[in-house]
Amino acid sequence: VKPCNINTQSTSASEPAITTPAQTSSTGPTTVSLQEILDLRDANEVAADTKYIGMYVSMEGEITEIHDKNLKIIPLGSDEFQMSGAKCSFDESQATELLQLRKGQSVTIVGIIKDIDELFYNELDVKPCKF
């Protein structure tokens, strides 16, 4: 999987930015906004999936759940009813760091967006993932 670059500039106020795959896999993760991904997904599922699935990303969010193999985040500044977000699936190598985390804490996750699931709300599946 090759990372993609995000072009945050639009050609006009109403047109979304277009991305192109990166030419090398040696580049680091692309910093993205979890809220922007969720907003695009709400507006156009196909566009969001095409643009973000397979992308190597770094994103910041607020922790809502902590489990032994994953944690869930929502966009920063979300209200108490926000359910859409991202699930970061990691391995045991981060067990020590996991003990330091708490719900409500801000965290940056880095990984590959494998899928965007939608049942009652949108959830990005990011793995392998580091926090």
Side-chain angles (χ1 to χ4, degrees):
V1 178
K2 293 183 179 180
C4 296
N5 292 327
I6 295 179
N7 177 1
T8 57
Q9 297 178 345
S10 294
T11 54
S12 75
S14 63
E15 285 184 65
I18 298 173
T19 61
T20 56
Q23 298 302 313
T24 65
S25 60
S26 63
T27 60
T30 301
T31 301
V32 297
S33 163
L34 177 55
Q35 187 63 60
E36 286 180 18
I37 296 171
L38 296 172
D39 289 346
L40 180 57
R41 177 71 182 207
D42 285 342
N44 185 329
E45 179 179 324
V46 176
D49 290 355
T50 301
K51 184 173 183 176
Y52 293 107
I53 291 179
M55 185 182 285
Y56 180 46
V57 299
S58 170
M59 69 178 76
E60 192 173 7
E62 179 183 320
I63 300 171
T64 59
E65 294 182 29
I66 301 172
H67 304 283
D68 18 344
K69 298 197 184 213
N70 67 60
L71 59 88
K72 294 184 180 182
I73 64 170
I74 58 174
L76 293 176
S78 295
D79 64 29
E80 61 194 79
F81 302 108
Q82 176 72 34
M83 296 189 65
S84 292
K87 179 174 75 172
C88 173
S89 300
F90 51 84
D91 61 36
E92 301 82 36
S93 68
Q94 296 187 90
T96 303
E97 293 90 350
L98 181 65
L99 297 174
Q100 307 304 314
L101 299 178
R102 301 290 183 264
K103 286 183 181 179
Q105 182 179 351
S106 175
V107 67
T108 298
I109 64 171
V110 176
I112 298 170
I113 299 175
K114 293 293 186 175
D115 196 12
I116 304 175
D117 297 323
E118 179 183 357
L119 186 53
F120 297 110
Y121 56 91
N122 290 311
E123 182 175 83
L124 281 67
D125 186 17
V126 182
K127 63 183 172 185
C129 185
K130 301 250 184 224
F131 53 86

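Throughout, residue positions are numbered sequentially from 1 according to the sequence presented.
In terms of heavy atoms, Asp125 sits closest to Ser89 at OD1-OG, 4.0 Å.
Residues that satisfy the side chain to side chain donor-acceptor pair (under 3.5 Å) test with Asn44, not counting sequence neighbours, are absent from this structure. The side-chain contact (heavy atoms from CB on, under 4.5 Å) test applied to Asp39 returns Gln35, not counting sequence neighbours. The salt bridge (Lys or Arg N to Asp or Glu O under 4.0 Å) check on Glu45 picks up Arg41, with sequence neighbours excluded. In terms of the side chain to side chain donor-acceptor pair (under 3.5 Å) criterion, Asp117 has no residue partners (sequence neighbours excluded). The side chain to side chain donor-acceptor pair (under 3.5 Å) search around Glu65 returns His67, not counting sequence neighbours. Applying the salt bridge (Lys or Arg N to Asp or Glu O under 4.0 Å) rule to Lys69 yields the partners Glu92; only residues at least two apart in sequence or on another chain are considered. Applying the salt bridge (Lys or Arg N to Asp or Glu O under 4.0 Å) rule to Lys87 yields no partners; only residues at least two apart in sequence or on another chain are considered. Applying the salt bridge (Lys or Arg N to Asp or Glu O under 4.0 Å) criterion to Glu123, with sequence neighbours excluded, gives Lys72. Shown here are the side chain to side chain donor-acceptor pair (under 3.5 Å) partners of Asp91, two or more places apart in sequence or in another chain: Ser93.
Atom CG in Leu101 sits 9.0 Å away from atom CD in Gln94 (nearest 0.5 Å). Here the CG atom belonging to Asp49 is positioned 5.0 Å from the CD1 atom belonging to Ile116, to the nearest 0.5 angstrom. Atoms CE and CD1, on Met55 and Ile37 in that order, are 7.5 Å from each other to the nearest 0.5 Å. Summarising the geometry, atom CD1 belonging to Ile109 is positioned 10.5 Å from atom CD belonging to Glu60; distances are rounded to the nearest 0.5 Å.
The shortest distance between side-chain heavy atoms of Gln82 and Leu38 falls below 4.5 Å. Put simply, the side chain of Leu34 does not reach to within 4.5 Å of the side chain of Leu76, judged on heavy atoms. With a 4.5 Å cut-off on side-chain heavy atoms, Phe131 and Ile63 do not count as touching. Looking at Ile73 and Cys88, their side chains never come closer than 4.5 Å, going by heavy atoms from C-beta outward.
Other residues sharing the hydrophobic cluster of Met83, ordered by chain and number and joined by side-chain separations under 4.5 Å: Leu119, Phe120, Tyr121. Grouping Ile, Leu, Val, Met, Phe, Trp and Tyr residues whose side-chain heavy atoms lie under 4.5 Å apart, directly or via other members, leaves Phe81 alone, with no other cluster members.
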(request) Verify side-chain contact (heavy atoms from CB on, under 4.5 Å) between Tyr52 and Leu40, making sure each step is shown before the conclusion. (result) CA-CA 10 Å; Tyr52 293 107; Leu40 180 57; 3.9 Å; yes
(request) Would you check, one step at a time, whether the test side-chain contact (heavy atoms from CB on, under 4.5 Å) holds for Lys51 with Val32? (result) CA-CA 11 Å; Lys51 184 173 183 176; Val32 297; over 6 Å; no
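The side chain to side chain donor-acceptor pair (under 3.5 Å) analysis of residues 95-105, with sequence neighbours excluded, yields no pairs.
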